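This structure is a prediction, so every number in the text was calculated from the model and none was measured.
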Amino acid sequence: MANSELNRYEQLANDLAQAIREGLLRPGDRLPSVRQTCQRRGVSPSTVFQAYGLLEAHGLVEVRPRSGFYVRPQPRPLRPAPQAAVPKPEAMDVAVSALAFDILESTRDPGVVPLGSAFPAPNLFPLDELARAGTRAMRRLRPEQVTTALTIGDQGLRETLRRRYALQGVPLLPDELVVTNGAMEALNLCLQAVTRPGDIVIIESPTFYAALQALERLKLRAVEVATDPAEGVVLEDLQRLLDLHPVAACWFMPNLQNPLGAVMPPKRKRQLVELLARHGVPLIEDDVYGELHADVRRPPPAKAFDKGGNVLHCSSFSKCLAPGYRVGWAAAGRHVAQVLRLKMMTSLGTSMPSQLAIAEYLVQGGYDRHLRNLRSALNTEQHRARRMVEHSFPAGTRVTLPAGGYFLWLELPEQVDALELHRRAMAAGISTAPGVLFSADRRFVHHLRLNVGHPSDPRVDPALRTLGQIASALGASQRQATGGRRREAGAS
């Protein structure tokens, strides 16, 4: 398919999606017929069918046999989480590893419902196709590839990745990409390349707990920046912190932030990159969830606006294609030489069979079709799970409106301690990720992250109902205890 044709059907789908979001096309409305759309837009029938198919894959429209395409009823929106609270501006030492290990160890038990897991269901991925691709690729392996790919990674995989970035409007230099053992190695190498022990790193609030663990390991101090549940880092607060502290680096997730699911608008990403460049502060961009967006077009990474090599962009295939293969990468900008040196001194290289299998799969095609199916499945499950939360959790529970992915971030009523909820849920065979994991000072006491990326697991709905019952019981007991103390105080 020519690129011009691809652009036309995506543009048509994007225009219709915007009309649905703005209410110009309402639930139950019939989309214009293929013939009408061809006449109005001057496109071919295949373009219209592909555009309508893309809207169907994203859950925006549905097909009615012998009738046409209709706008799907969207779930009733829940009460969204409040606006970002401004965290304390002080630098903090980090110590979360023990708590994180104790809590996350529970997700390894297959008998536990994995609502606290960081990964979606493995049956969502084309593991059989990847295995066959790996077999074909290994038969063609030349002996010299084993050594020439050391440290920097397989040339074929890096060239394929560069082409995909170029099609997204993100040109990368030929030797800028370093293949790593998953995104976590990429992020850790980039963090180590631009910091020294005792340095200050700005992180989001809440932030992904692995970022806190990395700071703890490298003896770095954290400063948390206010993060909006819909649009990510609050730039005004970031400016204030940059003026207040000698900041060595920032570690942000501009696309589908974990745990909030926020996506920074392109204009704010550009402003973020320009602000940090003026201050000479490197941005470590964690973009592992970018491919799981719910919109028609992939949101651009912050790297797309990088003019001086100041953004160290990191991603992997672990959340979108090949969990367990441990293939990630860093586009480290002007810091690539230091990242390469650090990788050489630590892991030296990345598994060649894993790299070749993924490279072969990408070249053979089907990856974008897999991504559309994956996004559709996760988007449908996310909406369904949010409805379950609305019906099952106590009044006053707030929940984010993620722009994709498979996490929900809940703010529970203040009487409900999320860590106690986690302990009681584990006794019932349900794992969760309590909010205290997502901040250096454990400030999110009444918050909870839920993994809803398991659409075929029949245990999920009963587990959500059980969690809601436990949360309601905790809230009621706390209110009763508080009321008792007040009565005693009044009697005295």
Side-chain angles (χ1 to χ4, degrees), residues 1-80 124 168 230 256 261 263 265-266 290-300 365-391 399-406 408 452-453 455-456 461:
M1 183 186 300
N3 285 337
S4 59
E5 184 74 6
L6 179 65
N7 290 335
R8 282 198 291 272
Y9 92 77
E10 285 191 332
Q11 185 59 54
L12 174 57
N14 202 45
D15 292 346
L16 290 168
Q18 186 67 24
I20 292 170
R21 282 192 294 267
E22 293 177 356
L24 302 176
L25 287 170
R26 294 173 294 180
D29 284 353
R30 186 177 184 271
L31 296 190
S33 69
V34 174
R35 178 182 298 177
Q36 289 173 325
T37 305
C38 289
Q39 293 172 345
R40 291 174 183 172
R41 299 292 294 253
V43 296
S44 67
S46 66
T47 297
V48 180
F49 277 117
Q50 289 179 71
Y52 285 9
L54 194 55
L55 292 170
E56 183 185 10
H58 283 85
L60 294 176
V61 304
E62 59 188 6
V63 181
R64 297 181 186 174
R66 288 182 273 184
S67 181
F69 289 85
Y70 289 80
V71 178
R72 280 184 67 177
Q74 296 301 303
R76 180 163 59 92
L78 295 172
R79 189 182 183 195
L124 293 171
Q168 297 168 20
L256 290 176
V263 174
E291 294 286 11
L292 303 183
H293 60 93
D295 209 342
V296 174
R297 288 181 179 272
R298 189 196 197 283
Y367 180 42
D368 288 303
R369 182 173 62 253
H370 157 71
L371 287 176
R372 286 195 294 272
N373 293 335
L374 177 62
R375 292 171 194 142
S376 178
L378 293 177
N379 189 47
T380 300
E381 183 67 5
Q382 183 196 106
H383 287 309
R384 197 187 60 76
R386 290 183 71 250
R387 289 194 296 269
M388 287 291 300
V389 170
E390 180 181 38
H391 295 309
V399 63
T400 48
L401 303 169
Y406 52 92
L408 293 178
V452 295
S456 60
D461 283 6

(message) When you compare the side chain of Leu54 with that of Tyr9, does any pair of heavy atoms fall below 4.5 Å?
(response) yes
(message) Taking the side chain as everything from C-beta on, heavy atoms only, tell me whether Val263 gets closer than 4.5 Å to Leu256.
(response) yes
(message) Going by the rule side chain to side chain contact (heavy atoms under 4.5 Å, CB included), which residues pair with Gln39 if we only count those two or more places apart in sequence or in a different chain?
(response) Arg35
(message) Rounded to the nearest 0.5 Å, what separates atom CG in Leu292 from atom CZ in Arg298?
(response) 9.0 Å
(request) Rounded to the nearest 0.5 Å, what's the gap from CG on Leu124 to CG on Asn373? Could you check? (result) 10.0 Å
(request) Can you establish whether the number of heavy atoms outside Arg30 located under 6.0 Å from its atom CZ is more than 12? (result) yes
(request) Using the side chain to side chain contact (heavy atoms under 4.5 Å, CB included) rule, take Met388 and Val452 through it: C-alpha gap first, then chi angles, then the decisive distance, then the call. (result) CA-CA 11 Å; Met388 287 291 300; Val452 295; over 6 Å; no
(message) Is the shortest side-chain heavy-atom distance between Glu390 and Arg386 below 4.5 Å?
(response) no
(request) Working to the nearest 0.5 Å, report the span between CD of Gln382 and OH of Tyr406. (result) 12.0 Å
(request) Drop me the distance from Gln36's CD to Leu31's CG, to the nearest 0.5 angstrom. (result) 10.5 Å
(request) Of all the heavy-atom pairs spanning Cys38 and Ser44, show the shortest one and how long it is. (result) SG-C, 3.7 Å
(request) Report yes if the side chains of Gln11 and Arg297 come closer than 4.5 Å at any heavy-atom pair, otherwise no. (result) yes
(request) Could you grab the distance from atom CZ of Arg384 to atom CG of Asp461, nearest 0.5 Å is fine? (result) 4.0 Å
(request) With sequence neighbours excluded, tell me which residues meet side-chain hydrogen bond (donor to acceptor under 3.5 Å, both in side chains) with Thr37. (result) Tyr52
(request) Just jot down the side chain to side chain contact (heavy atoms under 4.5 Å, CB included) partners of Asp368, sequence neighbours excluded, or say none. (result) Arg164, Leu371, Arg372
(request) Would you check if the side chain of Arg375 reaches a backbone N or O of Glu291 as a donor-acceptor pair within less than 3.5 Å? (result) yes
(message) For Asn14, give me all partners under side-chain hydrogen bond (donor to acceptor under 3.5 Å, both in side chains), at least two apart in sequence or on another chain.
(response) none
(message) Distance check, rounded to the nearest 0.5 Å: Leu12 atom CG versus Thr47 atom OG1?
(response) 8.0 Å
(message) For Thr380, give me all partners under side-chain hydrogen bond (donor to acceptor under 3.5 Å, both in side chains), at least two apart in sequence or on another chain.
(response) none
(request) Kindly give the heavy-atom pair with the smallest separation between Gly290 and Pro299, and that separation in Å. (result) O-CD, 4.1 Å
(message) Is any side-chain heavy atom of Pro32 closer than 4.5 Å to one of Arg40?
(response) yes
(message) Would you say that Val71 contacts Leu55 through its side chain, given a criterion of any heavy-atom pair below 4.5 Å between the two side chains?
(response) no
(request) Could you tell me which residues satisfy side-chain hydrogen bond (donor to acceptor under 3.5 Å, both in side chains) with Arg26, sequence neighbours excluded, listed by chain and number? (result) none
